[in-house]
Each structure stands twice: as structure tokens, then as C-alpha cells.
Amino acid sequence: MRNNDNDNNNNNVKKKGLWSPEEDEKLMNFMVRNGQGCWSDIARNAGLQRCGKSCRLRWINYLRPDLKRGAFSPQEEHLIIHLHSILGNRWSQIAARLPGRTDNEIKNFWNSTIKKRLKNTATSSSPNNSDSSDHTHLKANVVGGGRCSCKSTRQLESAWIPHLRRAHPWPPNSETPSTLITTSWSWISSTTTAYST
DNA sequence: AACAAATACAACCGCATTGGT
DNA sequence: CACCAATGCGGTTGTATTTGT
């Protein structure tokens, strides 16, 4: 298999691990001054011993000024659960419907908190209910196969998402950050109504 | 107080996709 | 059309912090 992970194969060794406050400051200052561009250039020009990929991740998940931070509100939590039941593990798409939240954040939240909670409630109510939220998505119904491993999730995406998108385009018209959550709910309502069995 | 286990979160890795040449 | 570099995504791992004993 071709190794195209060029960031990791650079001739000069790149730093790994946690970001120091100094590195954060360098990246932040550079982004504020120059805006987003080619990440490998940003890494170089900001004077960071990091690969572009690492800079991108740090910016998106931590430094971006529009990040919300802090604990998820009950409303957000509800929204995540609902969106996950529709979209499955498409964290970036779920994040797009939650203003100020990142895919990584939501993924972590799901894996550490919600998943566990759902598992507990499932085991307390039904012994055969083994994490259905992860592997029985709406698309299983739409596509008809019912199979839903993570890889197949990606492969099947092109098969069913376009149908859903055509009928329920995202984002809805006149979207603003303050109305995102509200419109997320109406989007959910329309999709679940249309595609529930 | 010391240690282990559990938890939460940050970051990395591999792969797919995209766009330029 | 083939190739390559850059980017984006989701899974996984690593690490700091918190909680329990």
C-alpha cells in the first residue's frame, strides 16, 4: 500500500506529543496575522517543529477562537444522541450541526460518556441490547443491508447520504450560529419523519 | 499519604478523497 | 490518465487528572 502520509515521512524530525504554551502562541499569532493557508507552510513559517497535520488539528480542536469549550449542555447532549442515531459515527457532520464544538470533542464525549451511559441503560433494561446505537443506523434501513461496520459506513455513505441530502439539504437556508441548534432539531425532525420505518 | 483504577481529553496514525500537474 | 501532495476524517492510543481503596 502506498504510503502517502508525507507529513510523517519528512526528512527532518518533527516534534510530537503535547503542545506547549509557546507553540500554541506561535501558531495562534501566525493564524491571526496570516489566516488559514497551506498547513505545511504554516508549520514552517510559524517557526514550529510540527507537521502541518499536527498544526491543523491543534488549531481546529483547541486554538480556534470560535470554540465553545466547557461541558456539553443537556440540549447539546440530546442533539448529539439524535444526530448519531441518524448519521452514525460521522463526527464531522455531527460537529457541523453543533456550533463551537469539534468532531474530536464530540467523538471523545460519545466514547467516554454517552456510550457508557447508553450501555448501562441498555443492560439494565435489555440484556441483548449490545450498543445498538453504534451499529444500527438509519442508513442500515435505507440501504437495506443492515450491516454497519465503520469502514462500510464510509463506503455506504455515498449510497445513501445523497438521497438524504437532496431531500433535506444542510445547512438549511438563512443559517446563523445562534440558530444552529434550533434548526438542527427541525432538520432531525424532517429526516427522521421521512426515513423512519 | 500512597497507590491503583477509572475517566477525560489531547494527539497521532492510517486511509480516503481531492485537486493540481 | 497517472501521479503526487495536501487535506479531512474516524479509529486508536497516550497522558494528565480525578476518584476510590
Side-chain angles (χ1 to χ4, degrees), chain A residues 1-28 30-31 34-46 48-74 76-77 80-81 83-98 100-120 123 131 133-140 147-162 165 170-171:
Chain A
M1 191 167 286
R2 185 165 65 91
N3 185 351
N4 61 356
D5 206 6
N6 36 56
D7 273 336
N8 297 326
N9 291 331
N10 264 343
N11 33 12
N12 48 346
V13 178
K14 297 292 183 185
K15 190 170 176 245
K16 286 187 182 181
L18 295 178
W19 280 64
S20 68
E22 290 77 22
E23 289 177 305
D24 280 345
E25 198 183 342
K26 277 185 184 176
L27 181 57
M28 180 66 111
F30 188 88
M31 292 300 290
N34 304 286
Q36 203 164 313
C38 173
W39 285 108
S40 45
D41 290 344
I42 289 170
R44 207 176 314 117
N45 297 333
L48 291 160
Q49 302 300 311
R50 296 275 181 173
C51 64
K53 213 170 178 177
S54 181
C55 292
R56 175 186 161 270
L57 208 67
R58 186 63 177 171
W59 174 256
I60 290 172
N61 288 334
Y62 193 80
L63 296 174
R64 236 172 51 194
D66 59 324
L67 287 179
K68 191 179 267 183
R69 318 248 187 172
F72 285 88
S73 68
E76 286 176 311
E77 196 178 317
I80 290 168
I81 293 169
L83 286 167
H84 187 271
S85 71
I86 296 166
L87 298 167
N89 293 2
R90 279 189 210 78
W91 307 114
S92 62
Q93 292 191 30
I94 294 173
R97 289 152 177 79
L98 280 141
R101 301 296 188 181
T102 70
D103 53 353
N104 208 33
E105 196 177 11
I106 293 167
K107 179 172 60 183
N108 282 332
F109 181 61
W110 180 270
N111 287 330
S112 65
T113 308
I114 299 182
K115 206 171 177 178
K116 203 172 303 158
R117 198 179 306 159
L118 290 177
K119 198 173 184 177
N120 286 340
T123 47
D131 202 7
S133 61
D134 249 9
H135 297 289
T136 309
H137 305 144
L138 175 64
K139 74 175 171 308
R147 188 166 148 266
C148 189
S149 73
C150 298
K151 284 290 179 194
S152 62
T153 292
R154 267 154 96 155
Q155 286 162 359
L156 288 171
E157 180 172 278
S158 58
W160 74 280
I161 281 284
R165 281 274 164 67
W170 183 268

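Note that these values count all heavy atoms, side chains included, but never hydrogens, waters or copies made by symmetry.
The pair A:E76-A:K68 meets the salt-bridge criterion, since a charged nitrogen lies less than 4.0 angstrom from a carboxylate oxygen. Look at A:R58 and A:E23 and you find no salt bridge, because none of the NZ, NE, NH1 or NH2 atoms lies under 4.0 Å from a carboxylate O.
When rounded to the nearest whole Å, the span between NZ of A:K53 and P of C:dC9 equals 12 Å. One interatomic measurement links the two molecules: CG of A:N111 to C1' of C:dG10, which rounds to 10 Å at whole-angstrom precision. Distance, A:W39 CH2 to B:dC12 P: 14 Å, rounded to whole Å. Atom-to-atom, CH2 of A:W59 to C1' of C:dT7 comes out at 17 Å; the value is rounded to the nearest Å.
Put simply, A:S92 has no side-chain N or O that comes within less than 4.0 Å of OP1 or OP2 on C:dG8. Considering only side-chain N and O atoms, A:R56 lies under 4.0 angstrom from the phosphate OP1 or OP2 of C:dG8. The side chain of A:W91 places an N or O atom within less than 4.0 Å of a non-bridging phosphate oxygen (OP1 or OP2) of C:dG11.
For A:L57, the side chain to side chain contact (heavy atoms under 4.5 Å, CB included) partners at least two apart in sequence or on another chain are A:N61. By the ring pair (Phe, Tyr, Trp, His ring centres under 6.0 Å) test, A:F109 pairs with A:F72, sequence neighbours left out.
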Tabulate atom names and distances for all N/O pairs under 3.5 angstrom spanning the protein and nucleotides 6-11 of chain B.
from, atom 1, to, atom 2, distance (Å)
B:dA8, OP2, A:S112, O, 3.3
B:dA10, O3', A:R58, NH1, 3.4
B:dA10, N7, A:N108, ND2, 2.9
B:dA10, N6, A:N108, OD1, 3.1
B:dA11, OP1, A:W19, N, 2.9
B:dA11, OP1, A:R58, NH1, 2.9
B:dA11, OP2, A:R58, NH1, 2.0
B:dA11, O3', A:G17, O, 3.4
B:dA11, N7, A:N104, ND2, 3.1
B:dA11, N6, A:N104, OD1, 3.0

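Closest non-hydrogen pair, A:A95 versus A:T102, comes out as CB-C, 3.7 Å.
A donor-acceptor pair under 3.5 Å is formed between the side chain of A:R69 and the backbone N or O of A:Y62.
Residue-to-nucleotide proximity on DNA chain C shows that, of A:D103 and A:D41, the 5′-proximal contact is made by A:D41.
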